[in-house]
Amino acid sequence: MDKWKKEVIYLTKKFWLSSLMAVFLLPLLWVAFSVYPRDSSAEEPATFSSSQELSEYLELSRRLAGYFNGWTGNDRAMNPSGGRIEIDYFKAESSPLEPQKEVADYSETNTQVQGVDEGDMVKTDGNYLYVLGSNKLSILKGYPVEEAGKISEILLDGRPLEIFLNGDKLVVFGQTKQYREAFIHRYNIADRQNPVLEQNISCPGYYITSRRIGQDVYAVVQAPVRQYDYESKDSINFPEIRVNNQTQVVPPGEIHHFNHWDHSYRYTFLLSLNLQDPSGKVARKVFLTGTSQNIYASPENLYLTGPKTPDYTQRIHQFLQEITSLLPVELAQKVNELRNSNLSEVEKYEQVMNALEDYFNTHPNNQKIEEQLAQYMDKWQRQVSQDRDGTVIYKLALGQGQVVFKTKGEVKGQPLNQFSMDEYNGYFRIATTSQDLRFSGQRETRNNLYVLNADLQLTGKITGLAPTEKIYSARFMGSKAYLVTFRQIDPLFVIDLKDPQHPQVMGELKIPGYSDYLHPYDENHLIGIGREAFAGTEPLPPQERIVLPQVGGVKVALFDVTTPSAPKEISKYVVSRGDADSPALRDHRAVLFSKEKNLLAIPIHYRPLRIINPLEKKAVNRDWQGVFVFNLTPQKGIQLKGTVEHSSPGQLYSPVQRSLYIGEYLYTLSEQRVKINRLDNLQEIKDIPL
């Protein structure tokens, strides 16, 4: 018995634990669960009729997850890297209500989709800068530079994360000091020296992300279910929201669910408010979900994606049905009785495992059956593992501050980030990396691109790109897509999407290194920001790529894709230090680009250096933090124009996070200071402490 029992339990727990751990940290999970069979794939998701129904739903899910060690009991939204969820960002568009002022040309946040703004740590209207710090918002006069300086600040009880600006309205998103509540503050900043708090919105949970479309802001906040006492259904909290200190508890009839079980349930709020509406009305929609993975928004639709979970109840049913052919008659009969009983799938599985254990304890000499069961368990593990390698997509329509569920779909593999998704001419395109389980038991990565129609039904696909490699960056540009995969070299794939039913690879370029971020220069040229690499090197996973001494430094490349069948790298610049790092490798908002000004600027910082002070004859530690500024054109390539340094002896470590321009001046920002330099020669004009 011991040999068989150990093998079966090991294989079972190994699979269940690994698969559940893979899903409870990341996703919105949607798989068939038959407890409340009111599924509505193209209708508004069902709600709960009572608190008892909600409690029973959560309890049954908890039991299944808990049995296989997948329940975390954690009340905090998590992601694989332990930080905030990776999200997508979009191009800002001025509201028609914004005051029309005579201002210099100025840059906006680097985003993905025109017409959908994203929050950031800094915004400008061409006259003023609004900059977030560790616990405050600073308002600075930015232009003209002769008047530049800090004019006011708003102290915040917590950590501000992102802001939006719309005319004389400014909204701040953040977390309280204990990180247990998310807050949204709306200010009237008509008088920049005396901002006025107009609205205070908060709810228990964690701010995830937000979008601004015109005057409407859509925010995503997640609140824990907080089922601490698993024996008491009364421990389940209902979601609530406070508007100007008036608490509103969301009743069960407003909590939508997808009839699919999960291991780390959250209440996901979709809150919307019109920044110019004097009534301050806050619309809400609440879903019972897991933790969001990636979010993409167009001006009309919001897409929520997350890894697909296998239908474990169906797989348990399959297990109980198929093992009977391997068992002795009397034991098979017992299994069939349990399988056909009114017990839940969890209870059936549990009792069958107990029956198997009892049988083999009393019949120790059954080596043949032990081997057959072990082989079956291995096959079963492969089947469920293949089920798990998928992404489910939910489509929500946006308009006039409302969110309406439209439909759902699914594809094989997992997207890297928001740039792996795109909406174009009514089609949704998504690039994924999948992991195929080979007969050797090893996983082999492959890369795919899927085209889905407006109902998220499959229209066309390319599968199996670059075996053993992973997608490191993606960019959709109209009827083309560009993918970078990497293992030892950097293949840049050019994909034609003119015919949605028949996407095809037109060409590829293989060069050392990889691009973490792709940015369009024009329809025939593409900028890549990543790292140089050398043959034989193997980088760390994306979430661990902070400093990679085994590869080269930060690399900026310019690709010519005029001939799609023969893309080529026409210029590159490498920050030669292997310990150089840039937030631009992980956050595209750190990239400042202007084709009209032939301008590209990215923050760079090095590890602390040991420098010998010749006067004191001793070594001192010093890092370098600042911005590299480039001239960039297809004709002349990438040329380093110069650098703006923020580091100085005795200064706290505070790397530059953003840069922007107003008129002919460059503004570089950290949490400690704002520097103003001329764009033409980078001469320093002002240094403003924050």
Step by step, would you call Tyr424 with Phe476 a ring pair (Phe, Tyr, Trp, His ring centres under 6.0 Å)? CA-CA 9 Å; Tyr424 181 73; Phe476 291 87; 9.6 Å; no
Taking the side chain as every heavy atom from C-beta outward, state whether Leu465 and Thr485 have any pair of such atoms under 4.5 Å apart. no
Under the rule for side-chain hydrogen bond (donor to acceptor under 3.5 Å, both in side chains), what residues qualify as partners of Tyr376, not counting sequence neighbours? Glu322
Closest non-hydrogen contact found for Ile471 with Leu416 is O-CD2, 3.7 Å
Could you go step by step and tell me if Tyr482 and Val494 meet the side-chain contact (heavy atoms from CB on, under 4.5 Å) rule? CA-CA 5 Å; Tyr482 301 91; Val494 182; 3.8 Å; yes
Supply the atom-to-atom distance Leu509 CG to Ile511 CD1, rounded to the nearest 0.5 angstrom. 5.0 Å
Is any side-chain heavy atom of Leu54 closer than 4.5 Å to one of Phe238? yes
Should the heavy atoms of other residues, nucleotides or ligands under 6.0 Å from NZ of Lys395 be counted, would the total exceed 12? yes
Of all the heavy-atom pairs spanning Ser515 and Gly528, show the shortest one and how long it is. OG-CA, 3.7 Å
Please identify each residue that fulfils side-chain hydrogen bond (donor to acceptor under 3.5 Å, both in side chains) with Tyr450, with sequence neighbours left out. none
Could you tell me the separation between the OH atom of Tyr303 and the CD atom of Gln418, rounded to the nearest 0.5 Å? 15.5 Å
Using the side-chain hydrogen bond (donor to acceptor under 3.5 Å, both in side chains) rule, take Tyr517 and Arg475 through it: C-alpha gap first, then chi angles, then the decisive distance, then the call. CA-CA 8 Å; Tyr517 173 66; Arg475 192 79 191 214; 3.2 Å; yes
Flag the pair Cys203 / Tyr267 as yes when at least one side-chain heavy-atom distance between them is below 4.5 Å, and no otherwise. no
Heavy-atom check, side chain of Leu288 versus side chain of Val225, under 4.5 Å: yes
Please report the closest heavy-atom contact between Phe428 and Ile393, naming both atoms and the distance. CE2-CD1, 3.8 Å
Determine, stepwise, if the pair Glu56 / Gln52 fulfils side-chain hydrogen bond (donor to acceptor under 3.5 Å, both in side chains). CA-CA 6 Å; Glu56 291 175 352; Gln52 180 179 354; 3.0 Å; yes
How long is the gap from CG on Asp358 to CD on Gln351, to the nearest 0.5 Å? 11.0 Å
Output for pair (Lys408 NZ, Leu304 CG), nearest 0.5 Å, gives 13.5 Å
Tell me whether the rings of Phe419 and His588 are parallel (<30°), tilted (30 to 60°) or perpendicular (>60°). perpendicular
Using 4.0 Å as the upper bound for N to carboxylate O, is an ion pair formed by Asp516 and Lys555? no
Any non-hydrogen side-chain atom of Arg266 less than 4.5 Å from a side-chain atom of Val221? no
Rounding to 0.5 Å, atoms CG (Leu343) and NZ (Lys348) come to a distance of 7.0 Å
Roughly how far apart are Thr459 OG1 and Asn453 CG, rounded to 0.5 Å? 4.0 Å
For the side chain to side chain donor-acceptor pair (under 3.5 Å) test, which of Thr433, Thr432, Thr391, Thr305 pairs with Gln414? Thr391
Any side-chain donor near an acceptor of the partner, Ser420 and Asn294, under 3.5 Å: no
In chain order, what residues pass the side-chain hydrogen bond (donor to acceptor under 3.5 Å, both in side chains) check against Lys285, with sequence neighbours excluded? Glu44
Assess whether side-chain hydrogen bond (donor to acceptor under 3.5 Å, both in side chains) is satisfied between Gln222 and Thr268, documenting all intermediate values. CA-CA 4 Å; Gln222 290 194 330; Thr268 295; 3.0 Å; yes
Is a salt bridge present between Arg446 and Asp389, judged by a nitrogen-to-oxygen distance below 4.0 Å? no
